[in-house]
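Written below as structure tokens is the structure these notes are about.
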Amino acid sequence: MTTDWDVTALLEGMARDLRPLIDPEQTAMIGIFTGGVWLARTLHAALGLQQPLGQVDISFYRDDFSQIGLHPQVRASDIPFDVEGRDLILIDDVLYTGRTVRAAMNEIFDYGRPARIRLAVLVDRGGHELPVTADVAALRLNATAGEHIKLRGPDPLRLELEQRGPQP
Ligand SMILES: O=P(O)(O)OC[C@H]1O[C@H](OP(=O)(O)OP(=O)(O)O)[C@H](O)[C@@H]1O
Ligand SMILES: O=c1cc[nH]c(=O)[nH]1
């Protein structure tokens with residue numbers, strides 16, 4: 001697959017696709033640590049959202065928490081607006097199995113019951129294990145099990161393809 005990815009252009013595409021889905025006064029955005037928060041900062045500004053940006057760290061909510069233990073850099077989640085009845089845009093860098101998104105939604109529901117959650121990701125790499133789909137994805141790939149798509153940053157943001165497992 002081509003790996004000549006321009007993250008700035010991909011972010012512009014995400015903002016363009018999100019614009020018709022939002023009400024800048026009411027819609028709120030939440031980024032998932034770490035890469036999702038980097039992207040959400042740019043998208044939040046580009047879309048002129050008036051609710052403050054939220055962030056979630058799903059380390060304690062993962063369904064494989066007991067297997068992988070605690071991430072060395074756990075940060076507190078911060079949702080500085082009322083979630084109840086609100087339209088939310090959840091941002092992450094990569095959608096793979098869908099377990100991170102599921103965990104993020106579990107955490108968000110601890111704050112209240114949103115009216116709607118839409119998911120926007122930089123890359124949907126395929127391989128979903130849960131019924132989670134992205135409403136907006138700048139890139140949709142069919143990555144193999146041995147390929148890992150990694151967002152590095154925050155400045156500059158770079159999207160890289162790494163080989164981490166057995167080759168097909
Ligand atoms: O759909 P999933 O199978 O849950 O995978 C997607 C997640 O994997 C990566 O996070 P990772 O846990 O590797 O941490 P990172 O944010 O530090 O890269 C990525 O940032 C996504 O959040
Ligand atoms: O390719 C992948 C799979 C899971 N998480 C990532 O960040 N990239």
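Read the numbers this way: they start at 1 and go in the same order the structure lists the ligands and their atoms. If you're wondering where the values come from, they're calculated on a predicted model, not measured in any experiment. In what follows, residues are counted from 1 in the order of the sequence shown.
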Original post:
Can you name the nearest heavy-atom pair linking W5 to L159, along with the distance?
Top reply: CE3-O, 3.5 Å
Original post:
Judged by modelled atom types alone, do S77 and E107 share a side-chain donor-acceptor pair under 3.5 Å?
Top reply: yes
**OP:** Using the side-chain contact (heavy atoms from CB on, under 4.5 Å) rule, take M29 and L47 through it: C-alpha gap first, then chi angles, then the decisive distance, then the call.
**Re:** CA-CA 10 Å; M29 181 174 281; L47 294 167; 3.9 Å; yes
**OP:** Kindly compute the distance separating CD (E12) from CG (L43), expressed to the nearest 0.5 Å.
**Re:** 10.5 Å
Original post:
When you look for heavy atoms under 4.0 Å from ligand 1, do you find them on the side chain of E129, its backbone, both, or neither?
Top reply: neither
**OP:** Locate the shortest heavy-atom distance separating A104 from L90; write the atom from each residue and the value.
**Re:** CB-CD2, 4.1 Å
Original post:
Considering only heavy atoms of R99, which atoms of ligand 1 have at least one such atom less than 4.0 Å away?
Top reply: 1 (O), 4 (O)
Original post:
Judging by distance only, is a nitrogen or oxygen of V94 under 3.5 angstrom from one on ligand 2?
Top reply: no
**OP:** Between T100 and ligand 1, find which residue part has any heavy-atom pair under 4.0 Å and reply side chain, backbone, both or neither.
**Re:** both
Original post:
Are R102 and ligand 1 in contact, using a heavy-atom cut-off of under 4.0 Å?
Top reply: no
**OP:** Examine ligand 1 and decide if any of its atoms is less than 4.0 Å from a heavy atom belonging to I32.
**Re:** no
Original post:
What residue and heavy atom of the protein are closest to atom 3 (C) of ligand 2, and at what distance?
Top reply: Y96 CD2, 3.5 Å
Subject >> Protein residue, atom and distance nearest to atom 8 (N) of ligand 2, heavy-atom basis >> reply: I149 O, 2.7 Å
Original post:
Do you reckon Y96 sits in the same ILVMFWY cluster as W38, going by side-chain contacts under 4.5 Å, direct or chained?
Top reply: no
Subject >> Close-contact set for ligand 1 against T34 heavy atoms, below 4.0 Å >> reply: 16 (O), 17 (O)
Subject >> Under-4.0 Å salt bridge between E160 and R152 >> reply: yes
Original post:
V94 heavy atoms, cut-off 4.0 Å: which ligand 1 atoms fall inside?
Top reply: 6 (C), 7 (C), 21 (C)
**OP:** Look only at interatomic distance and state if R125 has a nitrogen or oxygen under 3.5 Å from any nitrogen or oxygen of ligand 2.
**Re:** yes
**OP:** Please confirm whether G98 comes within less than 3.5 Å of ligand 1 when only nitrogen or oxygen atoms on both sides are compared.
**Re:** yes
Subject >> Residue pair D92 / L39: nearest heavy atoms and the distance that separates them >> reply: O-CD1, 3.9 Å
Original post:
For atom 5 (N) of ligand 2, which protein heavy atom lies nearest, and how many Å away is it?
Top reply: H148 CE1, 3.5 Å
Original post:
Does CG in D23 sit with more than 12 non-hydrogen atoms of other residues, nucleotides or ligands closer than 6.0 Å?
Top reply: yes
Subject >> Sub-4.0 Å atoms of ligand 1 with respect to non-hydrogen atoms of T97 >> reply: 1 (O), 2 (P), 3 (O), 4 (O)
